[in-house]
2 protein chains.
Amino acid sequence: MSGKAADTHRGKVKRATLAEVANAVGLAKTTVSRALNDYPDISEETKRRVRETAGSLGYVASSRARQLQKGSTDAIGLVISAAAVGLQSAYQSEFTAALAAALDGHGLDLLLHSVTDPVSEIDTYNRLFQQGKVDGFVLMRTRCDDERIRFLTERGVPFVTQGRTDQSADHAWIDIDSQQAFSDAVEFLAGKGHRRIAMIAGDETIYSSTLREAGYRQGLEKAGIAVDPDLIFPGDFSAASGRVGVKRVIDSAAGVTAILCANDATAMGAISQAVELGIEVPSQLSVMGYDGVRMAEMFSPPLTTLSHSAAECGERIASMIVGLVGGDALTDHQVLLPAQIIERRSTGMAANV
Amino acid sequence: MSGKAADTHRGKVKRATLAEVANAVGLAKTTVSRALNDYPDISEETKRRVRETAGSLGYVASSRARQLQKGSTDAIGLVISAAAVGLQSAYQSEFTAALAAALDGHGLDLLLHSVTDPVSEIDTYNRLFQQGKVDGFVLMRTRCDDERIRFLTERGVPFVTQGRTDQSADHAWIDIDSQQAFSDAVEFLAGKGHRRIAMIAGDETIYSSTLREAGYRQGLEKAGIAVDPDLIFPGDFSAASGRVGVKRVIDSAAGVTAILCANDATAMGAISQAVELGIEVPSQLSVMGYDGVRMAEMFSPPLTTLSHSAAECGERIASMIVGLVGGDALTDHQVLLPAQIIERRSTGMAANV
DNA sequence: CTGTTAGCGCTTTCAC
DNA sequence: GTGAAAGCGCTAACAG
């Protein structure tokens, strides 16, 4: 605002433009553009010269302008809900980092958007896409009946979900075979002599929670143990719900020697509460988690868990979304990855009850 | 490529354009644009009509086009290095989420970029800005002598750091007064009768590590305890370094009854290792962390720590970067926030040695 | 109050 | 092999 100094004011940094480069080399903008983009109809010599002066001018093409012209954005949106505080679970944040890294490998950026009001969630997806800020989305924490999926599908917006839903048949997703994993976990526990195995479930609106519970039941059956509905306690993936869950187990379910938790955070909460109640883990109570977050290894006792790779998941999703945005035919667009039991010291042989 | 079907192919979603809206209302693009942006020189009646048809057409302005015209991006870049796996520490990810939420409140997006090769780090900052993808940056994990800061400062690129540096005088930053915090922590421990208090330090290339160590020394002095350099063990903010640290303490430093760790992850690692070595926390050894991550509360035993608010930090940084990008004068551009001791159960009275 | 004319910086036909 | 012209969708002068 202060007159003469206006064009020098802080924050306004001059970026070299195509026209300037063209001018400097003595060629037309068109030619420079094609040279820089390595078109075959430009002579090697010219390309060299152009690249050189472009470099010396510190020229970097404005992606805004390019995007406007080409119609694409080279950015993928990831919307997190502030309600689920932090970058949600440790796993979510490990995954997010992996996704960012993987997208980077494909030359895409990750636009991280936080939405505070759940009501405006859909609106956020809509705006981000309509505004042309992103070419597509990655969805985390998919819900059983996921409104976002319906919305995006209807509009033909490319997206990949991390986790299945009731509508899984129709969209691209990648997921961990949590049902199998939980079944394995129960068998593993049964193999250690546990007969009364409780489960602290995850947020029931999240589809994967239902799968984890189904796996738990399935494992019980395989192990020849009758499913006792009273041994399934509600939870919400938080450590706090693990604490509450343990108290309930103690209060209401006699003879439980092992607890399978919906995720690692819940398991850690459960252990910490158990210890406070004077229950020793694993000698009196085995506790097992799911996800294999890094912290699980450092917990005391180190957590037995079902591990899967956030990095692989991120990379696969990145490839998938790149394909979708590029309009590729959908092959391999539904991927199920296994989880592996990592035995550490929060589980042991069943105690004599 | 397949001819006639080309314009219908998946992924190409038609977005309404300004011209279309203008056409529909029977007004000029300009008028529509101004109506939508609530310019004073458009009649209320017209604005109403325009908004109505815009709404019914589902029109959302293309931010690409607007950005190209206005020159700004409404996005802030956050570059994380994949080397420090995951979204780095739990604190980093809590902060990132908070930052995204806060930026959202200002109508800004967060562009999360991951860089694998440390060598290309500066280049990434440069490209992101030159390409016009972001208006500015937020830097985490500031290093003592931070090349990124020199680079951005030289070019006049707006940025705010979370954490100070050797060059702090010259740039906008927000930081926790970790020196004071660590000093307080030592006094707190001394107040519980601890005389030989070890420290497991953080990554020494990170500026804040030096501050935390300085605070530790300062606290010792205040408590009238001589600083013993042999009681300071190296670390890197990881839980693993906490484990290693504890072993070294046991092996080489007799009489230590308390360990102050550079952050919560280190503290958790330390506790878990101590327990494995048969050392009881806190009866035989007190361990204290820093950051106050959510998991600290759920640890067993719950961790005594120095807590500070990621949310507040994120909000403040958001305001600061908004101001900087907007070209505001720099007032309050260097903010020091306090940390608070949260006493939980990983610390107790000094054991008799 | 509203419309006309430019132009942000780039990529693309289409000529030469 | 290279250049001229047009336009992506928007906003900012400047007229009327």
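Lettering of chains follows the sequences in order, A, B, ..., and the numbering in each one begins at 1. If you're wondering where the values come from, they're calculated on a predicted model, not measured in any experiment.
- A straight line from CG of A/L68 to C1' of D/dT11 spans 13 Å, rounded to a whole angstrom.
- Across the protein-nucleic acid pair, B/L36 atom CG and C/dT2 atom P stand 14 Å apart, rounded to whole Å.
- Under the 3.5 Å distance criterion, with hydrogens and angles disregarded, a donor-acceptor pair is assigned to the side chains of A/R64 and B/T73.
- Between the side chains of B/T46 and B/S43, at least one donor-acceptor pair of N or O atoms lies under 3.5 Å.
- Using a 4.0 Å heavy-atom distance criterion, B/S63 is classed as making no nucleic acid contact.
- Residue-level contact check: A/R64 touches neither bases nor backbone, having no heavy atom under 4.0 Å from any strand.
- With salt bridges taken as basic N to acidic carboxylate O contacts below 4.0 Å, one links A/R127 and A/D123.
- Rounded to whole angstrom, the span from the CZ atom of B/R15 across to the P atom of D/dC8 amounts to 15 Å.
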Which pairs of donor and acceptor atoms, one on a side chain in residues 23-30 of chain B, lie under 3.5 Å apart (sequence neighbours left out)?
none

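- Within 4.0 Å (heavy atoms only), B/S43 reaches sugar-phosphate atoms of the nucleic acid but no base atom.
- Residue whose closest nucleotide on DNA chain D sits further toward the 5' end, between A/T46 and B/D41: A/T46.
- Going from atom CZ of A/R66 over to atom C1' of D/dC10 covers 20 Å, rounded to whole Å.
- A salt bridge between A/D145 and A/R150 is present, with a side-chain N of the basic residue lying under 4.0 Å from a carboxylate O of the acidic one.
- Of the residues in residues 18-28 of chain A, those with a non-hydrogen atom less than 4.0 angstrom from any atom of DNA chain C are A/L18.
- Contact between the side-chain N/O atoms of B/T31 and the OP1/OP2 oxygens of C/dG3 is found at a separation under 4.0 Å.
- When all heavy atoms of A/I206 and A/C144 are compared, the pair lying nearest together is C-SG, 4.1 Å.
- The pair B/E45-B/R48 counts as a salt bridge, with a side-chain nitrogen and a carboxylate oxygen less than 4.0 angstrom apart.
- For C/dT4, its base sits under 3.5 Å from the side chain of B/T30 at one donor and acceptor pair at least.
- Position along DNA chain C of the nearest nucleotide to B/Q69 versus A/S62 favours B/Q69 as the more 5'-ward residue.
- Look at B/K29 and you won't find any side-chain N or O under 4.0 angstrom from OP1 or OP2 of D/dG9.
- Judged by atom type and distance alone, A/R34 reaches the base of D/dG3 through a side-chain donor-acceptor pair under 3.5 Å.
- Protein atom OH of A/Y39 is 15 Å distant from nucleotide atom P of D/dT2, rounded to whole Å.
- Judged by closest nucleotide on DNA chain C, B/A65 is the one of B/A65 and A/S33 placed further toward the 5' end.
- Following rounding to the nearest Å, B/K70 (NZ) and D/dC10 (C1') show an atom-to-atom distance of 10 Å.
- Judged by the 6.0 Å distance and 45° axis criteria, B/R15 is positioned over the aromatic ring of A/F129.
- Atom CD1 of B/I42 and atom C1' of C/dG3 are 10 Å apart (whole Å).
- Rounded to whole Å, atom P of D/dC10 lies 11 Å from atom CG of B/N37.
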